[in-house]
Structure formats: C-alpha cells, structure tokens
Protein chains: 2
Amino acid sequence: MAAVSTSKRDFSFELKPQHQPFHANPHVTACKGLTIENVAQSRSIAGPLPLSVAASTSSDNYKSVSCYQHPKAKSWKHRFTREAMLRGPTRLRALATVTANPGLITLGSGRPSSEYFPFEEIQVKIPKPPYFLDQEATKGIAITTGKYDTRHGLSSYDLALSLNYSHGAGSPQLLRFVTEHTEIVHHPPYSDWECCLTAGNTSGLDMVFRMFCKPGDHVLMEDYTYSGTLEAAYPLGIHITGVRMDQNGLSATHLDEMLTDWDTSPGSATKPSLLYMIPTGQNPTGVTQSLTRRREVYAVAEKHDIYIIEDDPYYFLQMGKYQEHAVEKSAVFNPELVGHFLSKLLPSYLSLDISGRVLRLESTAKILAPGLRCAWLTASSEVVQRFLYHQDVSTVQPSGVSQLIMYKVLDEAWGHEGFFQWLMYLRHEYSKRRDIIIQACEEYLPRDICQWQRPEAGMFLWIELQWRKHPLVKKGGIGKQDLEERIFREAVNRGVLYCQGSWFRAGEEIGDRMFLRTTFSAAPLGDVQKAIERLGSTLKSARMKSYVA
Amino acid sequence: MAAVSTSKRDFSFELKPQHQPFHANPHVTACKGLTIENVAQSRSIAGPLPLSVAASTSSDNYKSVSCYQHPKAKSWKHRFTREAMLRGPTRLRALATVTANPGLITLGSGRPSSEYFPFEEIQVKIPKPPYFLDQEATKGIAITTGKYDTRHGLSSYDLALSLNYSHGAGSPQLLRFVTEHTEIVHHPPYSDWECCLTAGNTSGLDMVFRMFCKPGDHVLMEDYTYSGTLEAAYPLGIHITGVRMDQNGLSATHLDEMLTDWDTSPGSATKPSLLYMIPTGQNPTGVTQSLTRRREVYAVAEKHDIYIIEDDPYYFLQMGKYQEHAVEKSAVFNPELVGHFLSKLLPSYLSLDISGRVLRLESTAKILAPGLRCAWLTASSEVVQRFLYHQDVSTVQPSGVSQLIMYKVLDEAWGHEGFFQWLMYLRHEYSKRRDIIIQACEEYLPRDICQWQRPEAGMFLWIELQWRKHPLVKKGGIGKQDLEERIFREAVNRGVLYCQGSWFRAGEEIGDRMFLRTTFSAAPLGDVQKAIERLGSTLKSARMKSYVA
C-alpha cells in the first residue's frame, strides 16, 4: 500500500507558485536584521501581499535578508515517525494555490463563493496604544472590515478572504506580522527558519508529538510540568522521563548525567532524543531559566543531539525580581521604553539555536485571549513543512475570524510597537498581581511548614509543603497522597481552590516532596489576598490537627 | 506506566456539576419531539444557560424529553483503539468546570482574567431573513456584542466569555442551538445522542480515525471519495477498501458481498468494522443515496456490525431533480415553506440510526463559511465523551470568536426558522448554478466520449471519459494515467481547471474507468458556461488528435 499511497501524492503537474520567496530578490542588500524601525523598509522590498483566496505563502517572503547570512539548520528527517514520513502535500490545497495562465477558470477546488457567506461587515473596538493604563481618556479605536475591502483597495484583508479557506501556514497578512515579530524578538541564528500558524499551542503540540514520537519512546521533561502536556503524551504511548529542576529551572547537569549514563545495551529503552521544556515562568513551578542555564542546557542538547520543544507562553510576562515593599516601583509602566523592554528579555532557545534543533511554540492565550485558538510555532523549514502536511488534513488552519481580528489589531491598528507596548502593559499588570500574592504569602502562610520561590515570570506561584511534619504522618497513620488530598479538600471547604502538585508530576516516580500550585492570573485582584489567607488557615490547622478523611 | 498514568487521571475529589441534565427534570412531560414551534417552550423548561467561564455543558441539557423515550445506543467501547482507551478527563478542565461552595476563590486554573483581552466590542453586519434574495431592500442587521453583556443582562454570551476558554463540547450558547437544530432535522431514534463542536470537520475526522482505527485496519469507503479523507487516513497506516457505487450511491449489495466473503482465516487482514460515507451530493461523484439505498446500507451495517461515519457537508444542498429548460422553475425561493423544505430532506443515517452506530459529521464550510473552522459531530454519549478526551488535549475547542459570531447570527438574530430560510436560499442559489452547468455540459461536451449524471445535491458534477476511444490509446501508445494527465494539461492550457478523477480513487486498485470532477460552487456564474465550453473543446480535440506529452 505504501507505494500506492505515495504515488497518489506525487504531483505530476507543476504550475508556477504565486509568490517569489523574498530571499530570491537580488536587489536586497544585507542589513543588520529586522527591527521595529526597518519593518516598513523590509515590506517595501518584499512587495505587496498576495490577495487571492488561500494564497500560498511562507515566512520566507517576510524575513529580512540578514537571516540568509546564517548557515542552514541541520536535517531532522531521520527523527520523523513513519506517520510523518507517509505524509505529503494535499491534492486540492496544492491546486487551490496555483494560478497559471491569466483567465484560467477554476472548476477545481470546491471552495464556496464568498457571496454565500452571510457576513457583510465586522467591527471591533480595541484599546489604543500606548496608554493602555488610562483607557477612559483615549476611548479606544474602532476597526471596521467590509466583505470586499481588498477588492476595493481599502485593506489587505477582508471578510471574503478570511472567511474562505486560507493557506495552512496562515493568511499572508497575519503570517507576515508573526514572522516579523519573531525575527525582531528572537533573531534565530540559522537561515531557514519559518513560522506557521496553529489552531492553538495544544493542537500544535499534539501534532508535534506525532511527528517525533512513536509508542515506547522516552521524552525528557521538567520533573513537574504542565498536566495537559502529560495528558496529551501518555495516550500516544510516550514514556516521560523527568529531569530535576533547581531555582534556575531544568538542571543541565542532571540532563547530561541521565543521557550520558543511559543504558544503551540491546533490549533497553531507546535513549531519548526529544526534550520538552517551559523555560520562562514554568508551569507549574513558576521558575525561569537564567541565561547561563539556557546556554548550558543547549550545550547538552548539542552534545547528545537532542531536539528541543520550547513551549513558552509566558515569555513576555518577564516581571523581574520581586522587591520587598516595592509594589509602587514595579507598577511603573512607561510605554516609551520599548527598546529597553526588548533588550531586557531573556533570550529564548530559538534565539540560541545555531543548529535548528528548537521548535518554539508561541501561544496567544496569555497575551491576547485563549478563545482565539490561534497560535504559531517556529522551526526549520523541513520541520514546518512536515508539520503543515499534517495540519492540512486535520485542523486545516486556525479560524479565519481569529486571523482577521488579530491582523487588524496587531498589524493595521497597533503595529509592532503598539503590540510591544501592550505586552509591557500586561507585564506591568501581572507584576502587580505577583507582588500582591507574594506579600500575602509572606503575611499568611506558615513558614515552618511551607516554602515558595518568588516567581520572576509567568502567572504561577509554587508552594512546597513540609508534609512529614503533619501530625498524622508523624504518627505513621497516613501517606503522602492521602494527605495531599485531605489538605486539598480542607482548602476547598475553606473557600480556596488550587492545583495539587502531584497532577503535574512528570515520569513514573511519585517523588517524596509535596507541592501545590497557585495562580495569580484569574481571581479578581482583591480576592487573591483573601484566598492566600484561607490557604494559610488551612495549612496552619494542618500543623495542629488531622483533617477528616 | 499504564497504571501510573491511569492513577494520574483518577479524580479523587468530586464536586457537584454546574447544571442538571434536562432529562432529570420531572416536570417535563412527553411531547412529539422538538420542532421550530416548540423550541421556546423546551428552553423555558430547561432553564437558563450557565453563564460562567468554561461552563461544563452537554447536549443532554438541550434535548427535548421525547428523546428519552427511545432505547439507548449500543456500546462501542470494544472498538476503541488503545490510544482512545488510554485517554481520560483532563485535570485542569475538570477543575475549571467546578463551582462548589459559593464564595470559592480560584487560584487553580491559569485562565487569564478577561480584563486583559484587548477587545471591547464586536459588531457584525449580516443579511436579514427571510428575503435573502432581495438584500438591497432590507439592508441587513447589525449585531453588537460588548465585553460584559452577560454581566449586564444584555445577552447570554459576550466577549469576556467567548474569548476565554470554553467547554470542549462547545459554549452552552452555541451547543444549545446546534443540539436543537440536530433534533429538529434528524430526530435521532435512540436516546443518548449528543452533539460536540469541533474545530472543523477535517479536524474531527482525524481524531475519529485515531479513536477507531489502528495501523493495518481496513476502512470501507465509496470507491471514489474526498481526497482529503484519503490523505488523512493513509499516514495512520489505514488501508482503504473501496465499495462500488451506482446511480444511487454506495452499493449495499457489493458492501454485503465484500463483508460476507471476507477471508477471516488466521493471518488474513482483519474484517473491516468501519464505513466512511458521503451520502448526499457525494464528493467527488455528486451522487445522492436514495432513501431505499440508505435503508439497505444501514441494514448491511446492522448485519455485519459496522460502525458508520456519515460525512454530510452538502446535506442541505438537496436541489432535487434537474428539469429540462426549467431554470426559471428551480429558481423559485419561497421562504414561507420552511416546513415543506424540512419534510422533503432525505433522512440522514443519523435519523435511521436505532443502534447508535452512526457518527455524523456536520460541516459549516458550505452553508456558512469555511474560515469559521467550527463544525460539529453527533454520536452516542460514550463516543462523544471519548472524542472530547482527545479534543481537550489537542484543539481544545473551536475559536471562541467563531462560536460567538455563529451564536449571535444563528440563535439571537435569525433563530431556527431564519437559519432554515438561509439554507433554502443557498439551495436555491446552488440549484441555479447546477442547472447552468448541466445546460453547458449538454451544449458543449461531446456525448460520444463523455457521460455525466445530473447531480441532485451538492456542488459537484462528475464526468466519465471514454478514454479507450482516444487515438493514442487505440494505437496502443499510451496508458490511462498518462492520458488523464495529458488531458488535464491541455485543459489548463485552454483555461479551465478541474480535478482528475484518479485523485479521489479509494483503495489500491487504479480502476479501469476515467473521470474528472468539476464543481459549480466557486467560479463566477457567468464563467461556468465558458469553462465547460473550454472543457468541451479540450475533449473534442482529444477525439481528433493526441496531446503533446
């Protein structure tokens, strides 16, 4: 069957692509890389966006020429699963992206005509940069999109385009913005990187696992990690091997030891070749890897030829160190200092990635809205292409309405600078929330039985409980899991909900420590303090007495 | 590992669900089932929608009590793959759907606060029912949604809710509409059916294959079928077994013969247990299964215990028979006759399904817009629940913006009656297009070397070519595949694009017939005739001479 299915996917006809890749433009001279300031120049060199339905596109059309001064990524083809290798381009998508002789009439792809979309106009009201703190005064912006704005020369994107199918990697409109944003922030140090929109990070990760992992494979992760990742991996038959963490995040030393000491004798489990990490404001521990740690971990990955999945939804919530009694100070928000904001961001793994061994997952759930279900990933062309083959026959593309709204807000209304100002505003808001939860912890939690690290990024505060000090445990009448459950029930009874640390435990060992995860993202600000007070009373009573089972 | 991962998913705490299932309501008395007329009454009995973020919900809250007079579906658990069986509810989603004691403050789920969504208001302009044909006069409707409309009692759905995470099966708002619509149209004859939103049908089907098929399994399909389905199935290691078709669609006789004669001796391929079909306006053949045929196929499925995937995106484009010189007649659109429209729809497999052996995929791509990426499926609770376990850790949910827009248009602005009038309008428009392409075929195509069946539903017209009559074939100088390719190239040269029939061929045999698929959905109406004329000239010249390779 393999032979037949392969021949089914072979395209025996070839028609010319719609858009020449940017790097093929001989008039472009080298520059120092994309910045907010030279985006307009880069766009003018690249030329106009393709404005046809489901126009074929790629990040290559939107990267600055400086990208091509770097060497190419390594090939990862030998790591692809059989499922991934059996994939190829889809017939009808390929057909839909072709425009051959002018005047060609298509009776090919079964795309509906836009006259049958029952949407004539969409208008969105959004806050106006840069003074996001003071929206009463500015009253925001209203952005209106008509059905045929593009045809009428009013915009590069409209309802007729966004409500039809788009190219799998994204509409050219939004993909251009996302590619530029990625280059401005991360400047990947190899040449053939690309971005690709996904229907949310969770969707992207599910497909990435299927691309790199076969049943029985071991995947390396921080020894506590996002429970959704564990729940996505287990049913695929993936074994998870936890790597220890310290106050700087995943331990490069332990990673190296594990890989060096891996039993490679026949019959043993295959040595892991994939590392999944949340390097910034880690979920659930709140830990952020230092630059030194990132370099060490990347070096270990190079040494053992490990491919890295960098899941980094909290990247822009880098709040910096908590300063005692300095809520006022961390509350400073100066939208003038975009350059300073960018220069202080910790480098991502993508930005350290000389070999193209990093697939970076970029979420919009924490910086725009989870309901958009529109995220993107960045990796080498070879990996992105293989990913797209799957996306084309599964999610197809993120919602066109989400893409339209994101493009209109991010590109047309805000621009790169306005978006960075929005991110600075969010960082400022989360800093306030972080400071409040830390102060509440310091005021209400019993230090003799619990400790916490002050998060410098993200939205989580991770608390360790000295569970062996509990009276029932000391008497020998109760185990760790039972106690964790009892404390949780007692906390709910006292009016506070959190996540049990064991839900995030990677790998097969339960471990001998007990944690709980709190988040300061969701509750109304005034409630955060009250919730920690309730948690404190729960834990203090744990010191005294046992909870009812 | 299995033991550990299972214990990870066990919920040792139980908090009460947010919403009582509708059928638990003792005040509801039996009625004849949901109709457009009694939707309001049914809603008033069911009570208000839950209005919290990511509120847990299910179709059971929105079905009429008459549903529960039917017997329950069979269990299909024994057909689930290992991957599907390893799945369970996700920790954090379960936590997010719980409201226990009033006053509980959550530091649990890392959902962002809606104050950090940069969208204050959204407005959509849509056409107004019932006179979709005459929109100049009515000027349409503008629907505005504010961020906190729900809090302010202005609507049951708003931006704060739709831009946050929703329950995996859908927001209660849209899921209610979809469930009611499904009951009104299909009246499934077993009790425990449910609907579940998906991020588009293609995404749904990818997950359904993984739920029911392991590598090496044979799946039954019409012997020509949608190429995207083939491309989704092959990389999973699925073998496709084509079932013959005639002018009434998939042959029940051939299906029965294949299954009866299947070699079940040890070492043979496992007998198929899954049948995938597009029963209405089939892609690519345009054929619609008659009611008799549907009953026959369902009976064969009962006999051999086959589970059916009913992929039915063209269901509402049932245009009826083409009438010679009757374009004017088929163009009649009378929005008063909703009841008549509904009564004339062919029964779906879902509506014949006494055993719960049908999973129906309902697309919105052809009746609203492909870019919404928001569809739904209907199946028994057991199957839907297992599907949701996967969706929760992959696509999570369809775009909340798409859900919001669909709810606002379908439920608040149009209602069920208005939506049916929209579907009647679409059917009317596609009928016009269908009539034009048929007339063009009859005028321009050479009948001695090609035949076609007049489609009664959908958007495709399927043409068979008498390829053995081609001069080069008669001379023995060229094979079928080569000729198909040459004709395609010649057609593109002459300015018409279509799809080669071989792209849709299911199974491993190439077959000895040659087809091409045209669609009348996309090209501007005036171009359709021109395109068929070009196709005619291509084929006529094929009669005379060979094409250049």
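Sequence lines set the chain letters: A, B, ... in the order given, protein chains first and strands last, and positions in each chain run from 1. Just the heavy atoms: all of them, side chains too, but no hydrogens, waters or symmetry mates, feed the values below. In this text, all values refer to a predicted model and were calculated from it rather than measured experimentally.
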Requested in this report: Please determine, among A:Pro370, A:Ala369, A:Gly400, the option with the most heavy-atom pairs under 4.5 Å with chain B.
Outcome: A:Pro370

Report task. Can you measure from CG (B:Leu461) to CG (B:Leu516) and round to the nearest 0.5 angstrom? Result -> 9.0 Å

Query raised in the report: With chain A, which of B:Val393, B:Thr395, B:Ile105 has the greatest number of heavy-atom pairs at distances under 4.5 Å?
Result: B:Ile105

Query - Leading residue by heavy atom contact count with chain B [cutoff under 4.5 Å; candidates A:Arg210, A:Arg433, A:Glu429, A:Gln391] - result: A:Arg210

Query - Side chain, backbone, both or neither of A:Tyr226 within contact of chain B (heavy atoms, under 4.5 Å) - result: side chain

Query raised in the report: Angle class for the A:Phe460/A:Tyr314 ring planes (parallel below 30°, perpendicular above 60°, tilted otherwise)?
Result: perpendicular

Query - For chain B, the option from A:Leu372, A:Asp206, A:Val528, A:Asn201 that forms the most heavy-atom pairs under 4.5 Å - result: A:Asp206

Requested in this report: Would you kindly say whether A:Glu83 and A:Thr81 are connected by a side-chain donor-acceptor distance under 3.5 Å?
Outcome: no

**Report entry** A:Glu484: partners by salt bridge (charged side-chain N to carboxylate O under 4.0 Å, His left out), with sequence neighbours left out
**Finding:** none

Query raised in the report: Is a side-chain N or O of A:Ser521 found less than 3.5 angstrom from the main chain of B:Arg111, in a donor-acceptor match?
Result: yes

Requested in this report: Side chain from CB out, backbone as N, CA, C, O: work out which of these in A:Ser162 comes under 4.5 Å of a heavy atom of chain B, or both, or neither.
Outcome: backbone

Query raised in the report: For the residue pair B:Phe419 and B:Trp422, is the inter-centroid distance of their aromatic rings smaller than 6.0 Å?
Result: no

Query raised in the report: Relative to chain A, which segment of B:Ala84 carries a heavy atom at a distance below 4.5 Å: side chain, backbone, both, or neither?
Result: neither

Report task. Flag the pair A:Lys125 and B:Glu121 as a salt bridge only when some basic side-chain nitrogen lies within less than 4.0 angstrom of an acidic carboxylate oxygen. Result -> yes

Report task. Go through the side-chain N and O atoms of A:Ser399 and B:Ser402 and say whether any donor and acceptor fall under 3.5 Å apart. Result -> yes

Query - Heavy-atom proximity to chain B below 4.5 Å, by part of A:Ala199 - result: backbone

Report summary line: If one checks every heavy atom of B:Leu426 against chain A at 4.5 Å, the contacting part turns out to be side chain

Requested in this report: Return the option, out of A:Ile122, A:Leu163, A:Val401, with the maximum number of heavy-atom pairs under 4.5 Å with chain B.
Outcome: A:Leu163

Query raised in the report: A:Ala365 versus chain B, heavy atoms under 4.5 Å apart: side chain, backbone, both or neither?
Result: both

Report task. Measure the spacing between CD1 of A:Ile437 and CE of A:Met459 and express it to the nearest 0.5 Å. Result -> 12.0 Å

Query raised in the report: Between B:Tyr430 and chain A, which part of the residue has a heavy atom less than 4.5 Å away: side chain, backbone, both or neither?
Result: side chain

Report task. Using the test salt bridge (charged side-chain N to carboxylate O under 4.0 Å, His left out), find all partners of B:Glu533 that sit at least two apart in sequence or belong to another chain. Result -> none

Query - Part of A:Pro398 within contact of chain B (heavy atom distance under 4.5 Å) - result: backbone

**Report entry** Residue B:Pro284 versus chain A: region with a heavy atom under 4.5 Å
**Finding:** neither

Query raised in the report: With chain B, which of A:Gln403, A:Lys530, A:His390 has the greatest number of heavy-atom pairs at distances under 4.5 Å?
Result: A:His390

Report summary line: Value for OG1 (B:Thr229) from CZ (B:Phe209), rounded to nearest 0.5 Å, stands at 6.0 Å

Requested in this report: Specify which of A:Ser113, A:Ala522, A:Pro112 makes the most heavy-atom pairs with chain B at under 4.5 Å.
Outcome: A:Pro112

Query raised in the report: Do you know which of B:Tyr389, B:Tyr165, B:Phe520 has the most heavy-atom pairs with chain A at a distance under 4.5 angstrom?
Result: B:Tyr165

